[in-house]
Participant: 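Before anything else, here's the structure in question.
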Amino acid sequence: MLVHLLKEKLDPETRRQWVLSLSSSNLPTFKEFCDFLSQRSRAVTESTAKLPATRNVSTSQKQKNVSSHHGTADPKCKICKDQSHLLFKCQTFRNWTVKERQDHVKEKKLCFNCFSPSHRSQACANKTNCKKCNKRHHTMIHSEVTSSDSTPDEAQSTSHHVAKAELPSQVLLQTAVVNVPDSRGNFHAVRALLDSASECSFVTEKITKQLGLKTRRTNVTVKGVSSVPVGASQSLAHVPISSRIY
């Protein structure tokens, strides 16, 4: 049961390699799973180390090109095809409703943060956020919506919500103890709840304070089954975790 749950957390390629490594119809053991992860980790590390050094330079240069302005990195306007102005300065685009702007950005597959066609908002190097809600999208496509109506790029955010929702007592749930670094880089053992049906990751406010983790303010409604509100998240925190085995 534990091996099956852990397998579902793997990326598609690693999961495929795991299935190919199974030599019999017997259920694999946890030790076999750990041995596979160890071999897979070494293989990925060695292949990454052999990448040309010039690749990092190229990536750095691209990031500098898109981080200079809170607008599109493509000099041509996607609406009127005018090369003399950026998309967010286009008068036609400005006259549209917020919904029409959002639809246009989605249709053209532009970055929700800087309107560039070369990347998504998760990879955007521009540090400027929405001036109204401080989220990772351009102010011109900001709308007053709940968390369930977030843009696709925002829904894939890897940030963890600091929730204050109270859990029912005397409920048996699957958990695991993981390592979490504090603000000084020292690792602490923290028990994590394994919920394969959750669309977000949560950490208690108590843990963020104990570890001295940085947070930023937000206001997101947390919904449970049938979209019933069960609590609220008031801040965001980046919480890296690692296995205690490796």
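The figures here come from the full heavy-atom set of this structure, side chains too, leaving out hydrogens, waters and symmetry mates. Along the sequence shown, the residues carry numbers beginning at 1.
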Participant: Quick one, Glu100 and Phe93 - any side-chain contact, counting heavy atoms below 4.5 Å?
Facilitator: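 Glu100 does not reach Phe93 side chain to side chain.
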Participant: Heavy atoms only: give me the nearest Asn179-Ser243 pair and the separation to one decimal.
Facilitator: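 Distance-wise, the nearest heavy atoms are ND2-O, 3.6 Å.
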Participant: Check the hydrophobic clustering (I, L, V, M, F, W, Y; side-chain heavy atoms under 4.5 Å; chains of links allowed) and say if Phe202 and Val230 are grouped together.
Facilitator: yes
Participant: Would the distance check show the side chain of Thr208 and the main-chain N or O of Glu205 forming a donor-acceptor pair, the cut-off being under 3.5 Å?
Facilitator: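 Judged by distance alone, yes, a pair lies under 3.5 Å.
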Participant: Of all heavy-atom pairs between Met140 and Arg101, which one has the smallest distance, and what is that distance?
Facilitator: O-NH1, 2.9 Å
Participant: Testing the basics here: between His119 and Ala123, what is the closest heavy-atom pair and its distance to 0.1 Å?
Facilitator: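 Smallest interatomic distance, heavy atoms only, reads CD2-C, 4.2 Å.
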Participant: If you look at every heavy atom in Cys200 and Ser198, which pair is closest and at what distance?
Facilitator: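 Scanning both residues completely, I find the closest heavy atoms to be O-OG, 2.6 Å.
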Participant: Do Thr14 and Asp11 meet the criterion of a side-chain donor-acceptor pair at a distance under 3.5 Å?
Facilitator: yes
Participant: Any heavy-atom pair between the side chains of Lys135 and Asn113 that's under 4.5 Å?
Facilitator: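 Contact flag for Asn113/Lys135 side chains = no.
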Participant: Any side-chain to backbone donor/acceptor pair from Arg216 onto Ser235? Under 3.5 Å, distance only.
Facilitator: no
Participant: Quick one: closest heavy-atom pair of Val222 and Ser233, and the distance?
Facilitator: CG2-N, 4.0 Å
Participant: Ignoring hydrogens and angles, tell me if any N or O in the side chain of Arg136 forms a donor-acceptor pair with the backbone of Cys124 under 3.5 Å.
Facilitator: yes
Participant: Can you confirm whether Lys132 sits close enough to Thr139 that some side-chain heavy atom of one is under 4.5 Å from a side-chain heavy atom of the other?
Facilitator: yes
Participant: Examine distances only and state if a side-chain atom of Arg191 and a backbone atom of Thr175 form a donor-acceptor pair shorter than 3.5 Å.
Facilitator: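 It does not hold such a pair.
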Participant: Taking atom CG of Asn134 and atom CZ of Arg217, what is their separation to the nearest 0.5 Å?
Facilitator: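 Rounded to the nearest 0.5 Å, the CG-CZ separation comes to 12.0 Å.
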Participant: Can you check whether Leu236 reaches Thr215 side chain to side chain, under 4.5 Å on heavy atoms?
Facilitator: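 No. Closest side-chain heavy atoms not under 4.5 Å.
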Participant: Assess the pair His138 and Phe115: is the distance between their ring centroids shorter than 6.0 Å?
Facilitator: yes
Participant: With a 4.5 Å limit on heavy-atom distance, are the side chains of His188 and Asp182 in contact?
Facilitator: yes
Participant: Flag the pair Leu10 / Glu13 as yes when at least one side-chain heavy-atom distance between them is below 4.5 Å, and no otherwise.
Facilitator: no
Participant: Please report the closest heavy-atom contact between Pro181 and Leu211, naming both atoms and the distance.
Facilitator: O-CD1, 4.2 Å
Participant: Do Pro117 and Lys108 come within less than 4.5 Å of each other through their side chains, counting heavy atoms only?
Facilitator: no
Participant: About how many Å separate CG of Asn219 and CD of Gln234, when rounded to the nearest 0.5 Å?
Facilitator: 7.0 Å
Participant: Is the ring pair His104/Trp96 parallel, tilted or perpendicular, if the boundaries are 30 and 60 degrees?
Facilitator: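 Taking Trp96 first and then His104, their aromatic rings stand perpendicular (interplane angle over 60°).
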Participant: Could you tell me whether a side-chain N or O of Gln102 sits under 3.5 Å from a main-chain N or O of Ile141, the two making a donor and an acceptor?
Facilitator: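 Side chain of Gln102 to backbone of Ile141: a pair is present.
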Participant: Under the 3.5 angstrom rule, does the side chain of Asn95 hit a backbone N or O of Gln91 as a donor-acceptor pair?
Facilitator: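 Yes; judged by distance alone, with no hydrogens or angles, the pair exists.
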